[in-house]
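Chain naming here is simple, since letters A, B, ... match the order of the sequence lines and numbering starts at 1 in each. Only this structure's heavy atoms are used, side chains among them; waters, hydrogens and symmetry mates stay out.
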There are 2 protein chains.
Amino acid sequence: MTLTYTEEDYIKGIYHLQQTYNTVSTNQLASLLEATPASITDMLKKLKAKKLLNYEKYKGFHLTAEGKKLSVNIVRRHRLWEYFLVEKLQFGWDEVHEVAEELEHITSKKLVEKLDAFLGHPRFDPHGDPIPDNNGKITPHIQLNLIDLPLNTPAEICSVGSQSSSLLELLNHKHINIGTRVEVKRRFGFDRSLEIKLKNQPAITLSQQLAQALFVKTI
Amino acid sequence: MTLTYTEEDYIKGIYHLQQTYNTVSTNQLASLLEATPASITDMLKKLKAKKLLNYEKYKGFHLTAEGKKLSVNIVRRHRLWEYFLVEKLQFGWDEVHEVAEELEHITSKKLVEKLDAFLGHPRFDPHGDPIPDNNGKITPHIQLNLIDLPLNTPAEICSVGSQSSSLLELLNHKHINIGTRVEVKRRFGFDRSLEIKLKNQPAITLSQQLAQALFVKTI
DNA sequence: AATAAATTTTAGACAAATCTAAAATAAATT
DNA sequence: AATTTATTTTAGATTTGTCTAAAATTTATT
Ligand SMILES: [Mn+2]
Ligand SMILES: [Mn+2]
Ligand SMILES: [Mn+2]
Ligand SMILES: [Mn+2]
């Protein structure tokens, strides 16, 4: 099964959406891929014809087992390249997404396996998202939203809820990274903001919006 | 100036051909790119419209300064990736071409510069071909065809005349690589074959065809 | 110089991916 | 239940890259 770059972006988009919404709608995918609903419908027919998608007119859609398997492999490539860019080429973690969006489409099995080995079989990408292994297996991620972390409980940032550059810019400014140790010191009901402490640093404030975009595991 | 992957492959093909034939013909390019002459003509018009190509109907064509500059950059990316694949990912030098053919189309300036630095600014790719620098400057390659190397003159293989896998397979078999030291011991007029010696090894025979595909510099 | 052969271009068609505008269907509201 | 609104699909057009078959042009040969 060879797919065009565009078909790959579509099934990857559907894969991400159906993690949250079991069945995906035309408008949701149109919004994610920044295309018109008409374009989405056209592609849904093609993906259905290739047996990658379960789709009935007006009824929403989700990937077949085959479609999901291919999508997971695209996600694997995307996240391996992101790891490469940050760990080997010294990119900032907020600079890698667009380039990985292109690199992910190079499907050479040999390339992916050798890259994985060269990187030391990393299990998480620079945003804390798990990298599927060569069989499509994904290390489950037991993660707690920072907004739900109990007071004075040491924890470590393990992923972010979005890759928007505005979020990543803010995190860079506050010196928060994947792996950063945090403790929540106070909660303010008025605006649901948090006061947190990073190791050996004065307490800082996080807005509700920011805290909700951060996931942690206790340590 | 943003180019499609296909436009990039076309100007790169023209660039390589015009190194040998100052002006390139439709059929030459069709044969190189494995497309029909009609497809070539279509693309020539587009490239002319983008001012990358000097082209008059039936008169052959060659790149403008701008077209050449863009082509050299594609060649730079192609060869940097080949170097990466061999030196970092342990590919064989006969396995890298196809993958580099895809990687070369990722144009991110930051990616290319960081990759170049990561690799230590290599000056030659795994086939001995020079890697253009960031300004498009190419280290000139004073190379002698092995068939013209005088007898008993120590020399080093510095590049190969083709990347065909049949050639590279044969070189692997004979343990000949970029950097291998050779001396020509005898020439046979009948079939123009050569007897050569690699360091600390018994003499072996190279056919005329093989010797003509190898370039050396004396040491 | 006339003819034949090779090369190159054009004409017309098709697949992929996209769009806009209109039509069909489903969901929400009165 | 009828109507309005939102969603989704279809119809038809456009761009990019490709092809085959036919026409135009150049080059080679008699
Ligand atoms: Mn992509
Ligand atoms: Mn990521
Ligand atoms: Mn290419
Ligand atoms: Mn090369």
Side-chain angles (χ1 to χ4, degrees), chain A residues 1-14 17-18 20-63 67 70-71 74 101-102 104-107, chain B residues 1-14 17-18 20-63 67 70-71 74 101-102 104-107:
Chain A
M1 174 77 33
T2 36
L3 300 181
T4 64
Y5 286 18
T6 310
E7 287 169 333
E8 288 193 337
D9 281 335
Y10 271 77
I11 63 171
K12 195 184 59 158
I14 296 167
L17 286 171
Q18 74 179 28
T20 311
Y21 315 96
N22 288 341
T23 180
V24 183
S25 77
T26 302
N27 271 357
Q28 284 175 324
L29 188 56
S31 149
L32 182 72
L33 299 181
E34 294 177 292
T36 61
S39 303
I40 303 298
T41 303
D42 287 343
M43 182 61 88
L44 295 178
K45 289 178 196 165
K46 289 175 201 162
L47 295 175
K48 183 183 183 181
K50 291 194 173 190
K51 296 186 194 293
L52 303 178
L53 194 66
N54 295 119
Y55 165 58
E56 294 302 329
K57 265 199 209 181
Y58 293 106
K59 296 286 166 63
F61 47 88
H62 56 92
L63 296 171
L70 293 172
S71 302
I74 302 164
E101 200 56 52
E102 302 200 45
E104 70 188 356
H105 300 293
I106 298 176
T107 52
Chain B
M1 175 76 32
T2 37
L3 300 180
T4 65
Y5 286 17
T6 310
E7 288 170 332
E8 288 194 337
D9 281 335
Y10 271 77
I11 63 171
K12 194 184 60 158
I14 296 167
L17 287 171
Q18 75 180 28
T20 311
Y21 314 97
N22 287 341
T23 181
V24 183
S25 78
T26 302
N27 270 358
Q28 284 175 325
L29 188 56
S31 148
L32 182 72
L33 298 182
E34 294 177 292
T36 60
S39 302
I40 303 300
T41 302
D42 286 344
M43 182 61 87
L44 295 179
K45 289 177 194 165
K46 289 175 200 161
L47 295 175
K48 184 184 181 180
K50 291 194 173 191
K51 297 186 194 293
L52 302 178
L53 194 67
N54 294 119
Y55 165 58
E56 295 302 329
K57 265 198 209 180
Y58 294 107
K59 296 286 167 62
F61 45 90
H62 56 92
L63 297 170
L70 292 171
S71 302
I74 302 164
E101 202 55 52
E102 301 200 46
E104 70 187 356
H105 300 294
I106 298 176
T107 52

For [X], all residues meeting salt bridge (Lys or Arg N to Asp or Glu O under 4.0 Å), sequence neighbours excluded:
X: K48(B); value: E56(B)
X: K51(A); value: none
X: K57(B); value: none

Inset, instruction - Only counting residues at least two apart or in another chain, list the ones meeting side chain to side chain contact (heavy atoms under 4.5 Å, CB included) with T6(A). - result: T4(A), Y10(A), M43(A)

Inset, instruction - Would you mind reading off the bend of the helix from dA1(C)-dT30(D) to dT30(C)-dA1(D) from its two end axes, five pairs each, to 10 degrees? - result: 10°

Legend entry - For DNA chain D, the residues among residues 48-59 of chain A that have a non-hydrogen atom under 4.0 Å from it: Y55(A), K57(A), Y58(A)

Legend entry - Proximity to the side chain of T6(A) - top-ranked nucleotide from dC19(C), dT8(C), dA17(C): dA17(C)

Legend entry - Those residues of residues 28-39 of chain A lying under 4.0 Å from DNA chain C by at least one heavy atom: A35(A), T36(A), A38(A), S39(A)

[X]: partners by side-chain hydrogen bond (donor to acceptor under 3.5 Å, both in side chains), with sequence neighbours left out:
X: S39(A); value: T36(A)
X: H105(A); value: E8(A), D9(A)
X: K45(B); value: none
X: Y5(A); value: E102(B)

Legend entry - Any N27(B) side-chain N or O less than 4.0 Å from OP1/OP2 of dA6(C): no

Inset, instruction - Heavy atoms of chain B, cut-off under 4.0 Å: which first and last nucleotide of DNA chain D, 5' to 3', fall inside that, if you could look? - result: dT16(D) to dT26(D)

